[in-house]
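Notes follow once the structure below has been shown.
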2 protein chains.
Amino acid sequence: MSGKKSSLTVADVARAAKVSKATAARVLGGYGIASETARKAVLEAAETLGYQPNDLARSMSTGRSGLVGVIVGDIENAFFSQAVRGISDRLRAADLNLIISNSSERLSEEIEMVSVLLRQRVAGLIVAPTDARRVDHLKAAVASGTPVVTLDRRSPDLEVDAVCGDDRGSVAQVLHRLHEEGHRRVAYVTAMMTADGRLGKLEDIGISAVRERISSFLAQMRDTGVETPADLVFTGASDDGSTADIVTRILAQSPSITAILASDSLIGARIFRELSDRGLSLPQDMSLVSWFDADWTRVTSPRISVVDQPTYQFGQKAAERLISRLKGDDSPAQTFVVATPLVERGTIGAPKGRGPVEIPD
Amino acid sequence: MSGKKSSLTVADVARAAKVSKATAARVLGGYGIASETARKAVLEAAETLGYQPNDLARSMSTGRSGLVGVIVGDIENAFFSQAVRGISDRLRAADLNLIISNSSERLSEEIEMVSVLLRQRVAGLIVAPTDARRVDHLKAAVASGTPVVTLDRRSPDLEVDAVCGDDRGSVAQVLHRLHEEGHRRVAYVTAMMTADGRLGKLEDIGISAVRERISSFLAQMRDTGVETPADLVFTGASDDGSTADIVTRILAQSPSITAILASDSLIGARIFRELSDRGLSLPQDMSLVSWFDADWTRVTSPRISVVDQPTYQFGQKAAERLISRLKGDDSPAQTFVVATPLVERGTIGAPKGRGPVEIPD
DNA sequence: ACAACTACTGAGACCGGTCTCACTATACAT
DNA sequence: ATGTATAGTGAGACCGGTCTCAGTAGTTGT
């Protein structure tokens with residue numbers, strides 16, 4: 001029954017309340033002072049007129065924008081959507097809203113999104129940078145006064161707060177546990193693409209979390225006697241077909257691989273499905289550990305052992321840091337490492353037919 | 001090496017290019033006409049100065065904002081995050097960005113978010129309304145000129161485009177299939193809360209998709225001879241504990257319930273886990289069909305039969321409709337029903353110990 | 001009674017764009 | 001030569017808020 005289309009402004013309210021635009025603005029905007037009389041008149045006029053403030057105009061004149069930009073690799077992935085929820089919940093409490101963007105893990109898109117968000121004059125940015133070596137666009141954002149917090153990943157070139165999991169530590173923990181159980185050759189499977197499907201130089205891995213994990217993986221495997229651990233890293237598990245290929249290659253390796261590490265829950269699900277389809281039973285025929293405690297990991301039999309990355313908390317913490325920066329905190333940039341414990345369920349077991357004895361070449 | 005903090009404006013560029021602010025704005029804004037000479041000078045000046053347009057100011061003066069508000073029940077839920085991805089992909093192609101909000105399926109929050117988004121002067125709204133009977137806030141948005149599209153749900157009070165699944169049809173299809181297999185008493189489990197844990201009046205169900213499905217469920221069951229089908233609807237399956245209780249109640253019912261319909265993938269996963277934990281095997285001891293084809297449904301054994309709601313497409317379609325409205329399409333509001341086929345996998349089977357024979361009371 | 005201070009107010013500049021409009025060239029028609 | 005388009009331009013109003021600043025009450029001090 002009200003509000004046609006032309007938006008009414010403080011000026012309209014002021015007129016109705018018979019005060020100046022400045023006074024009406026003070027009351028409506030909640031700043032400065034106004035007499036009780038004026039306040040009541042304005043509020044009443046605003047009420048009956050159905051005044052709705054225009055935040056666009058507000059942020060224009062204040063410079064502050066109440067919007068935070070978030071750039072993730074893929075919201076569809078529970079890893080990120082959970083983090084986004086954490087971010088959203090924290091932001092909401094601070095009266096901030098969130099603009100979501102998807103980089104699809106492509107640098108060019110990430111750069112484009114940063115530019116768009118900066119044009120929108122977002123108050124800050126929470127980003128999962130897709131390439132730790134190419135962060136000029138983020139540096140520029142910081143330089144121009146927009147605080148940035150990185151999520152799940154970090155770049156040595158970027159002096160901003162970061163919230164990460166303990167990537168190196170979790171790999172070490174998982175491998176140690178598997179070694180204990182008797183596993184000597186373990187595969188690491190990641191969705192990351194490489195030119196020839198083989199692992200190249202570590203420095204060429206853009207996503208820092210992946211790099212850290214693989215680096216830790218290689219070091220650990222070498223330590224426990226594997227001579228060419230790079231052969232145990234399988235890249236490009238980005239869909240069902242490529243994952244099936246990888247599983248085939250894993251099963252074909254000799255001396256045989258007895259356990260698989262899945263870099264994320266999507267890969268974990270695919271590998272699990274692939275193994276079951278081939279009639280293998282876990283953990284007898286193969287042990288499996290996946291990163292991220294997705295829904296499905298407690299629904300399989302046996303249940304999947306996971307490295308639990310509490311991404312909701314990642315998100316919360318990242319939002320907290322950003323809010324704190326927005327409030328003027330200018331302490332040195334810090335990296336917050338969130339514990340990512342191994343949750344052992346049913347897919348870790350002794351490799352079939354052999355115990356802790358090393359198999360000779 | 002550039003861009004300190006004070007933002008530079010068209011005026012600055014104009015000065016550097018020795019043209020008027022108006023001309024510089026025309027070149028930079030890509031509207032009106034300008035000579036080749038002027039254009040080059042402005043572009044060059046903008047380049048060397050590192051000019052970044054201010055979209056805030058732009059939308060202020062144009063009135064249009066390049067931002068679309070999206071309100072979902074819970075981004076963490078794959079159902080919605082997938083839809084958001086669909087929305088995001090389509091919006092991006094139309095140079096629109098997306099502000100995400102979570103209503104947590106609470107009307108009060110939904111109302112608040114609509115208000116916030118409207119203040120931000122979003123160009124349009126895509127909403128999964130949590131209560132079809134309380135849509136005044138959305139009506140107001142439409143009345144004030146902000147197009148709205150509802151996602152997965154619709155309200156008879158709201159004359160806007162809606163993108164929904166075929167809720168009635170899918171229930172009918174699933175029940176028909178189960179009936180064929182010999183099932184007579186089927187349970188429907190939903191997360192929706194009711195005051196006393198029992199199903200009240202249908203009209204009191206706020207989420208239209210849920211209401212449609214339950215309504216269809218009741219009708220079908222009654223048609224096939226169940227006298228009090230409301231006893232077969234279990235509400236409040238919102239967490240592990242309450243779902244466990246419901247499973248207990250389902251298993252205790254007599255004459256016995258032989259199949260379960262899970263209203264969403266979260267519930268489906270919980271029920272599956274609960275049934276396995278109790279040593280029941282599917283589909284021999286119980287048939288199960290879940291709505292939404294989540295990741296995990298192909299990872300269990302047996303694989304879960306699902307009603308496939310292609311929410312990515314829901315999202316795409318919704319975004320498409322909104323974009324079309326934004327472009328001025330003012331044809332009558334329409335509801336787009338996306339097919340949601342039953343994908344039969346391993347959890348539909350004949351009920352144990354009895355075939356298509358009706359059991360006497 | 002006059003100064004000094006406080007509480008409140010309104011006029012108007014400002015944020016950084018868009019966009020209207022009046023105006024100057026030059027081109028073409030008659 | 002005069003009239004009439006047509007391309008290009010700049011001055012300045014405008015969007016809807018915020019915020020500075022000068023000014024008007026009213027209060028208190030001495």
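Because only heavy atoms are used, hydrogens play no part in the values below, and waters and symmetry mates are left out as well, while side chains stay in. Numbers restart at 1 for each chain; the letters A, B, ... are given by sequence-line order, proteins then strands.
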List the atom pairs, with distances to 0.1 Å, where a side-chain N or O of residues 105-114 of chain A and a protein N or O form a donor-acceptor pair under 3.5 Å, not counting sequence neighbours.
{"from": "A/Glu105", "atom 1": "OE1", "to": "A/Thr130", "atom 2": "OG1", "distance (Å)": "2.7"}
{"from": "A/Glu105", "atom 1": "OE1", "to": "A/Arg153", "atom 2": "NH1", "distance (Å)": "3.0"}
{"from": "A/Glu105", "atom 1": "OE2", "to": "A/Arg153", "atom 2": "NH1", "distance (Å)": "3.4"}
{"from": "A/Glu105", "atom 1": "OE2", "to": "A/Arg153", "atom 2": "NH2", "distance (Å)": "2.7"}
{"from": "A/Arg106", "atom 1": "NE", "to": "A/Glu109", "atom 2": "OE2", "distance (Å)": "3.2"}
{"from": "A/Arg106", "atom 1": "NH2", "to": "A/Glu109", "atom 2": "OE2", "distance (Å)": "2.7"}
{"from": "A/Glu110", "atom 1": "OE1", "to": "A/Thr130", "atom 2": "N", "distance (Å)": "2.8"}
{"from": "A/Glu110", "atom 1": "OE2", "to": "A/His137", "atom 2": "NE2", "distance (Å)": "2.8"}

Rounded to whole angstrom units, what separation is found between the [atom1] atom of [X] and the [atom2] atom of [N]?
X: A/Leu28; N: D/dT18; atom1: CG; atom2: C1'; value: 12 Å
X: A/Gln52; N: D/dG17; atom1: CD; atom2: C1'; value: 15 Å
X: B/Met60; N: C/dT18; atom1: CE; atom2: P; value: 12 Å
X: A/Leu8; N: D/dG16; atom1: CG; atom2: P; value: 10 Å
X: A/Arg15; N: D/dG16; atom1: CZ; atom2: P; value: 12 Å
X: A/Arg58; N: D/dG17; atom1: CZ; atom2: C1'; value: 8 Å
X: B/Leu56; N: C/dG16; atom1: CG; atom2: C1'; value: 9 Å
X: B/Arg39; N: D/dT9; atom1: CZ; atom2: C1'; value: 14 Å

Base, sugar-phosphate, or nothing: which does A/Ala38 touch, judged by heavy atoms less than 4.0 Å apart?
sugar-phosphate
Qualifying residues under side-chain hydrogen bond (donor to acceptor under 3.5 Å, both in side chains), relative to [X], sequence neighbours excluded:
X: B/Ser104; value: none
X: A/Arg85; value: A/Asp89, B/Asp74
X: A/Arg15; value: A/Asp12

Under 3.5 Å between N/O atoms: give me all the protein pairs with nucleotides 19-25 of chain D, atom names plus distance.
{"from": "D/dC19", "atom 1": "OP1", "to": "A/Arg64", "atom 2": "NH2", "distance (Å)": "3.4"}

Determine which pairs satisfy side chain to side chain donor-acceptor pair (under 3.5 Å) with at least one residue from [range], sequence neighbours left out, and list them in order.
range: residues 42-51 of chain A; result: none
range: residues 59-70 of chain B; result: none
range: residues 21-37 of chain B; result: B/Ser20-B/Thr23

Any chance CZ of A/Arg133 has more than 12 other-residue heavy atoms, nucleotides or ligands included, within less than 6.0 Å?
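Buried by this count: over 12 neighbours within 6.0 Å.
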Taking atom CZ as the centre, does A/Arg39 end up with more than 12 heavy-atom neighbours from other residues, nucleotides or ligands that are less than 6.0 angstrom away?
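Yes, because the 6.0 Å sphere around CZ of A/Arg39 holds more than 12 heavy atoms from other groups.
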Terminal axes of the helix from C/dA1-D/dT30 to C/dT30-D/dA1 (five pairs each): angle between them, nearest 10 degrees
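The end-segment axes of the helix from C/dA1-D/dT30 to C/dT30-D/dA1 are tilted 50° relative to each other.
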Set of ring-ring contact (aromatic ring centres under 6.0 Å, His included) partners for A/Phe80, sequence neighbours left out:
none
I'd like to check the ring-ring contact (aromatic ring centres under 6.0 Å, His included) partners of B/Phe314; sequence neighbours left out, ordered by chain and number.
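For B/Phe314 there are no ring-ring contact (aromatic ring centres under 6.0 Å, His included) partners, ignoring immediate neighbours.
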Assuming nearest nucleotide by heavy-atom distance, tell me which of B/Glu36 and A/Asp55 is located more 5' along DNA chain D.
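It is B/Glu36 whose nearest nucleotide is closer to the 5' end.
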So, taking the atom named CG in A/Leu322 and the one named CZ in A/Arg90, what distance separates them when rounded to the nearest 0.5 Å?
13.0 Å
Are OP1 or OP2 of D/dT9 and a side-chain N or O of B/Ser20 less than 4.0 angstrom apart?
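No.
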I want to check one thing: is the phosphate of C/dT9, taken as OP1 and OP2, less than 4.0 Å away from some side-chain N or O of A/Ser35?
yes
Where along residues 111-120 of chain A does a heavy atom come under 4.0 Å from DNA chain C, residue by residue in number order?
none
Of the listed nucleotides C/dC8, C/dG17, D/dG17, the one nearest the side chain of A/Val10:
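Of the options given, the side chain of A/Val10 lies nearest D/dG17.
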